[in-house]
Enquirer: 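Quick one: the structure is below, questions incoming.
Quick note on labels: first sequence line is chain A, next is B, and so on, each numbered from 1. All figures in this text were calculated on a predicted structure; none of them were measured in a lab.
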Amino acid sequence: GEDVEQSLFLSVREGDSSVINCTYTDSSSTYLYWYKQEPGAGLQLLTYIFSNMDMKQDQRLTVLLNKKDKHLSLRIADTQTGDSAIYFCAEISNSGYALNFGKGTSLLVTP
Amino acid sequence: DSGVTQTPKHLITATGQRVTLRCSPRSGDLSVYWYQQSLDQGLQFLIQYYNGEERAKGNILERFSAQQFPDLHSELNLSSLELGDSALYFCASSGQGSNIQYFGAGTRLSVL
């Protein structure tokens with residue numbers, strides 16, 4: 001299958017901004033998503049962006065979409081220790097139903 | 001709380017056995033999706049049901065099967081279990097015409 005690529009690890013200091021990057025494969029993807037998984041927990045939908053948008057802001061979260069480069073990023077402003085988790089980028093698959101996930105970026109926020 | 005309920009939270013069983021994982025979607029959601037999360041494969045789509053009918057199939061083994069009942073809850077049946085089936089199994093649901101999937105907390109399966 002096609003791969004959604006993410007860097008595996010990111011470490012930031014509390015109060016700094018975090019930027020998690022993702023490259024996706026399907027140029028026809030209509031929606032792109034960011035999910036968060038805390039240790040031992042399920043997948044929490046953080047935000048999503050429709051492919052006709054370049055940017056979406058939701059409180060501390062900013063999503064940027066560059067369709068030409070098939071690049072998606074998630075910026076977390078004023079990162080807190082509670083933001084430590086694994087962040088997954090996902091796209092809708094060719095079938096239009098399933099989600100194709102990246103391997104996840106593990107974010108560590110240090111005091 | 002996503003509104004998607006999965007039971008049990010943990011399941012420990014032996015190789016060769018059969019287990020059933022249960023999922024109740026969010027109220028009103030007609031679509032149910034099953035995903036497997038393992039360390040080596042990451043998150044993989046298994047199968048989707050829509051209003052009782054199978055709609056899409058992913059990397060689901062022949063030893064695995066699923067169904068969606070008239071009350072819209074779904075069950076994932078895993079048989080002839082192998083050590084490699086140990087994983088976290090997620091259920092997600094979405095509303096009619098929606099591309100937004102909400103996930104349950106998962107069932108952690110350990111095959112010993």
Enquirer: Can you hop from B/Leu11 to B/Val4 via hydrophobic side chains spaced under 4.5 Å?
Expert: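 No, it is not one cluster - the side chains of B/Leu11 and B/Val4 are not joined through contacts under 4.5 Å.
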Enquirer: Is there a path from A/Leu65 to A/Leu99 through hydrophobic residues (I, L, V, M, F, W, Y) whose side chains come within less than 4.5 Å of each other?
Expert: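 A/Leu65 clusters together with A/Leu99.
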Enquirer: Of the listed residues (A/Gly104, A/Gly42, A/Gly102), which shares the most heavy-atom pairs with chain B below a 4.5 Å separation?
Expert: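 If we count pairs closer than 4.5 Å to chain B, A/Gly42 comes out on top.
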Enquirer: Identify which of B/Arg108, B/Arg55, B/Gln48 forms the greatest number of heavy-atom pairs closer than 4.5 Å to chain A.
Expert: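 If we count pairs closer than 4.5 Å to chain A, B/Arg55 comes out on top.
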Enquirer: Could you check whether any side-chain N or O of B/Gln101 sits under 3.5 Å from a backbone N or O of A/Ala98, counting only pairs where one atom can act as donor and the other as acceptor?
Expert: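 Side chain of B/Gln101 to backbone of A/Ala98, a donor-acceptor pair under 3.5 Å: no, none is there.
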Enquirer: Same cluster or not: A/Val19 versus A/Leu72, using hydrophobic residues (I, L, V, M, F, W, Y) connected whenever any side-chain heavy atoms lie under 4.5 Å apart?
Expert: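 In one cluster with A/Val19: A/Leu72, no.
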Enquirer: Side chain from CB out, backbone as N, CA, C, O: work out which of these in A/Gln44 comes under 4.5 Å of a heavy atom of chain B, or both, or neither.
Expert: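 Neither part.
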Enquirer: Relative to chain A, which segment of B/Leu88 carries a heavy atom at a distance below 4.5 Å: side chain, backbone, both, or neither?
Expert: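 Contact with chain A: side chain only.
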Enquirer: Other residues, nucleotides and ligands only: do more than 12 of their heavy atoms fall within 6.0 Å of CG on B/Leu39?
Expert: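 Counting neighbours around CG of B/Leu39, 12 or fewer heavy atoms of other residues, nucleotides or ligands fall under 6.0 Å, so no.
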Enquirer: Examine A/Leu61 and A/Leu10 and state if one hydrophobic cluster contains both, with Ile, Leu, Val, Met, Phe, Trp and Tyr joined whenever side-chain heavy atoms are less than 4.5 Å apart.
Expert: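 As far as the 4.5 Å side-chain criterion goes, A/Leu10 and A/Leu61 are connected within one cluster.
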Enquirer: Less than 4.5 Å apart, side chain to side chain, heavy atoms only: is that true for B/Ile100 and A/Tyr33?
Expert: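 Yes, side chains in contact.
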Enquirer: For B/Gln41, is it the side chain, the backbone, both or neither that has a heavy atom under 4.5 Å from a heavy atom of chain A?
Expert: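 For B/Gln41, the backbone is the part near chain A, not the side chain.
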Enquirer: Evaluate A/Phe101 against B/Tyr35 for ring pair (Phe, Tyr, Trp, His ring centres under 6.0 Å), listing each step before the verdict.
Expert: CA-CA 11 Å; A/Phe101 284 91; B/Tyr35 292 83; 5.8 Å; yes
Enquirer: Are A/Ile49 and A/Tyr87 joined in one hydrophobic group, where the rule is that I, L, V, M, F, W and Y side chains link up if heavy atoms are under 4.5 Å apart?
Expert: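 Yes; A/Tyr87 is reachable from A/Ile49 via cluster members.
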Enquirer: Report yes if the side chains of B/Lys57 and A/Tyr97 come closer than 4.5 Å at any heavy-atom pair, otherwise no.
Expert: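 SC-SC contact between B/Lys57 and A/Tyr97 ruled out.
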Enquirer: Report the C-alpha distance between B/Phe45 and A/Asn100 in whole Å, list the side-chain angles of each, state the deciding distance to 0.1 Å, and finish with yes or no for side-chain contact (heavy atoms from CB on, under 4.5 Å).
Expert: CA-CA 8 Å; B/Phe45 167 69; A/Asn100 266 348; over 6 Å; no
Enquirer: What are the two closest heavy atoms between A/Leu45 and B/Tyr102, and how far apart are they?
Expert: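 Taking A/Leu45 first and B/Tyr102 second, the nearest heavy atoms are CD2-CE2, 4.0 Å.
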Enquirer: Kindly give the heavy-atom pair with the smallest separation between B/Phe103 and A/Leu43, and that separation in Å.
Expert: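 Taking every non-hydrogen atom into account, CB-O, 3.4 Å.
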Enquirer: Decide if atom OH of A/Tyr48 counts as having more than 12 heavy atoms of other residues, nucleotides or ligands within a radius under 6.0 Å.
Expert: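 Not more than 12 within 6.0 Å, no.
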Enquirer: Might you point out which heavy atoms bring A/Lys103 and B/Asp40 nearest each other, and give the distance in Å?
Expert: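 Looking at all heavy atoms of both residues, the closest pair is NZ-O, 3.8 Å.
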Enquirer: Shortest non-hydrogen contact from A/Ala41 to B/Phe90?
Expert: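 Closest approach of A/Ala41 to B/Phe90: O-CZ, 4.2 Å.
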